[in-house]
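Take a look at the structure set out below.
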Amino acid sequence: MSVKIGNTNFTEFNDLHNDPNIVPPAERAKIDFEVALIGKLIEAREAKGLSQKQLADLAGLKQPAIARLESMKVTPQIDTLFKILHPLGYTLAVVPVDPPQQP
């Protein structure tokens, strides 16, 4: 869907994001995963009642690192994820995309 304002057509983000000619499916899956992951990290931090600074102190990081991660300006390295997840009471897990079918 596009919106015309004046003489300019503007396309909505979802139109671009879901167009396989613009964002290939693998890239879209990566973006969706990162959005979900960062969303869960923010949710977990807020549920614990921690500020970015408090979480950074517990994780051995600096507050701007947490801010960059939460604003999705950077993609976290696995070791950084572990540092952040531990004080939040979480870990990483690899799970199947589709559960196996029961006979």
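Just the heavy atoms: all of them, side chains too, but no hydrogens, waters or symmetry mates, feed the values below.
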Between CD1 on residue Ile84 and CD on residue Glu70, distance to nearest 0.5 Å: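 Ile84 CD1 to Glu70 CD: 8.0 Å, rounded to 0.5 Å.
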How long is the span from the CG atom in Leu37 to the CG atom in Leu85, to the nearest 0.5 Å?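 Here the rounded value is 7.5 Å.
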Which atoms form the tightest heavy-atom contact between [X] and [Y], and what is the distance?
X: Arg28; Y: Val23; result: NH1-O, 3.4 Å
X: Pro20; Y: Pro25; result: CB-CD, 4.5 Å
X: Gly49; Y: Gln54; result: O-OE1, 3.7 Å
X: Lys53; Y: Gln63; result: N-CG, 3.7 Å
X: Leu81; Y: Leu92; result: CD1-CD1, 4.2 Å
X: Thr75; Y: Lys30; result: OG1-NZ, 4.4 Å

Set of residues satisfying side-chain contact (heavy atoms from CB on, under 4.5 Å) with respect to Lys62, sequence neighbours excluded: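 For Lys62, the residues satisfying side-chain contact (heavy atoms from CB on, under 4.5 Å) (neighbours in sequence not counted) are Pro64.
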Which pairs pass salt bridge (charged side-chain N to carboxylate O under 4.0 Å, His left out) with one or both residues in residues 71-85, sequence neighbours excluded?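 Found none.
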Apply the side chain to side chain contact (heavy atoms under 4.5 Å, CB included) test between Gln52 and each candidate in Ile66, Leu61, Ile42, Leu69; give the one that qualifies.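 Testing Gln52 for a side chain to side chain contact (heavy atoms under 4.5 Å, CB included) against Ile66, Leu61, Ile42, Leu69 leaves exactly one candidate, Ile66.
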